[in-house]
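Quick notes on the structure that follows.
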Amino acid sequence: MSSVRVLFFAAARDAAGVEETAVSWDGDAPLKQDEFWQLLEVRFPAVLPLRPGLRLAKNLEYVTQSEPLFSGDEVGLIPPVSGG
Amino acid sequence: MSSVRVLFFAAARDAAGVEETAVSWDGDAPLKQDEFWQLLEVRFPAVLPLRPGLRLAKNLEYVTQSEPLFSGDEVGLIPPVSGG
Amino acid sequence: MELEVSFTNQPIAESRAPLTSGAGSMVEFRGVVRSLEKGEPISALVYDLYKPMATKVIQEILTEIGTAQPCLRVEVIHRYGTIPVGETAIYLRVDSTHRGEGFRMLEEFMNRLKQDVPIWKTGGVPC
Amino acid sequence: MELEVSFTNQPIAESRAPLTSGAGSMVEFRGVVRSLEKGEPISALVYDLYKPMATKVIQEILTEIGTAQPCLRVEVIHRYGTIPVGETAIYLRVDSTHRGEGFRMLEEFMNRLKQDVPIWKTGGVPC
């Protein structure tokens, strides 16, 4: 059993209704991002429409869509930023 | 009798040996800048070599070489500036 | 290049660090909450952030800009939570040998902040 | 655009003016005397100025830049006389609605200052 910690921010948090969750999958194989989104959608369908505007951060770093997720990773869903 | 007040700054002051002087000429006609330099040279020959690097200010404003001087004008001899 | 990055949910205190030895330029910037957000009058803005990632990304951006614009010291303080109108949301201070690299650091950092640093205005507090 | 231009032969005091109403950006710059002048170690620099003309030219430059980069308030303080190493020779503060025009004002003003404002470093005081 593998799992990643998922953190929601700003609009993604509003859509999810929670600050964080865990996404789990069977086995030790890394999880492709498309698979991650499928698992996330089951419990947080309102987050999916935001997906085109979200960047995914893995362990505090932006990653491309081809980067798989490993058990224990911290995944941040990053809406367009607006600091300063 | 006409005259202008002449102020020396920085390298021009070092060359002149004074902070200011007056340059006078006969009559009421305005003084061309070439005439001004001729009169200045008589008493401050060491200033003349600086002339190519000096800008002339008349009543607190930079003026071109064609601008004549009138009696009562304040003339500043402005070496390359280095503020800040 | 010395970096200091911090976050606070309290009013940002003025920088108290002495001028870095050898500096010929010190630039400070304050980004202040304005009384209109998207055309609506507000009394405050609420900011949220992903603190560990924001810290890391800010340090990476400063280091990256610093390779082309080497400065002596850069200090960044970003406030979060509810920030009243007229108060500082972000404070930046750049000590550098010459002013040129300090100005570039400030400007490029602020542009990058608004693209890449996980900090959000999550809403205005109506008047 | 409110302008404040002044000169002092004493250490420059921090600006005490409150942030201009409506400002979203405040930039401050300090140009500081460094310990080397033309490669020689110094303990101080001596500045001279043509005060009435410097005042006028600075106001003209700020006004000119302000037509393209309108800011809310600009304050310039230049020190003259003997300025010890590590102390501020020029202080600038720009309050503006957005940061962009404040950054432009600061940068363009400093470039113009070094071309057109009758202020001179007249020499270094050796260590």
Side-chain angles (χ1 to χ4, degrees), chain C residues 11-12 14-38 41-42 45 69 71-73 75 77 83-114 121 124, chain D residues 11-12 14-38 41-42 45 69 71-73 75 77 83-114 121 124:
Chain C
I12 293 176
E14 308 271 311
S15 173
R16 283 283 140 256
L19 187 71
T20 309
S21 172
S25 167
M26 172 174 151
V27 197
E28 290 172 286
F29 167 68
R30 288 172 182 78
V32 174
V33 175
R34 294 172 59 221
S35 57
L36 287 179
E37 175 71 4
K38 297 167 184 167
I42 56 165
L45 268 181
Q69 311 291 343
C71 297
L72 300 170
R73 180 175 181 279
E75 180 175 348
I77 308 173
I83 311 182
V85 164
E87 298 193 11
T88 299
I90 184 165
Y91 170 83
L92 213 88
R93 172 178 155 184
V94 184
D95 295 5
S96 57
T97 308
H98 305 284
R99 74 184 189 287
E101 60 266 26
F103 293 176
R104 292 283 73 72
M105 174 62 76
L106 169 58
E107 179 155 26
E108 292 181 27
F109 175 76
M110 286 305 300
N111 291 340
R112 291 288 304 276
L113 173 81
K114 285 165 183 284
K121 298 180 180 77
Chain D
I12 293 176
E14 307 270 312
S15 174
R16 282 283 141 256
L19 186 71
T20 309
S21 171
S25 167
M26 172 173 151
V27 197
E28 291 173 285
F29 167 68
R30 289 173 182 77
V32 175
V33 175
R34 295 171 59 220
S35 58
L36 286 178
E37 175 72 4
K38 295 166 184 166
I42 56 166
L45 269 181
Q69 310 291 345
C71 296
L72 300 170
R73 180 175 180 277
E75 180 175 348
I77 308 172
I83 310 183
V85 164
E87 297 193 11
T88 299
I90 184 166
Y91 170 82
L92 212 88
R93 172 179 155 183
V94 184
D95 294 6
S96 57
T97 308
H98 305 283
R99 74 185 190 287
E101 60 265 25
F103 293 176
R104 294 280 74 71
M105 173 63 76
L106 170 59
E107 180 155 27
E108 292 182 26
F109 175 76
M110 287 305 300
N111 291 341
R112 291 287 304 276
L113 173 83
K114 286 165 181 283
K121 297 182 180 77

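All chains are named by letter (A, B, ...) in the order of the sequence lines, taking the proteins before the strands, and each is independently numbered beginning at 1.
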Do the side chains of Arg34(C) and His98(D) get nearer than 4.5 Å, heavy atoms only?
yes
Side-chain heavy-atom pair Arg99(D), Asn111(C) within 4.5 angstrom cut-off:
yes
Check: Arg93(C) and Glu28(D) side chains under 4.5 Å, non-hydrogen atoms:
no
Where on Phe29(C) is there a heavy atom nearer than 4.5 Å to chain D: the side chain, the backbone, both, or neither?
both
Pair Glu107(D) + Arg104(C): basic N to acidic O under 4.0 Å
yes
For Ser25(C), is it the side chain, the backbone, both, or neither that has a heavy atom closer than 4.5 Å to a heavy atom of chain D?
both
Contact leader toward chain C among Val33(D), Leu36(D), Val94(D), Leu106(D), where contacts are heavy-atom pairs under 4.5 Å
Leu106(D)
Any Thr88(C) side-chain heavy atom under 4.5 Å of Leu19(D) side chain:
no
Top of Ser35(D), Ala23(D), Ala89(D), Gly31(D) for chain C proximity - count of heavy-atom pairs under 4.5 angstrom:
Ala23(D)
Side chain / backbone / both / neither for Thr97(C) at chain D, heavy atoms under 4.5 Å
both
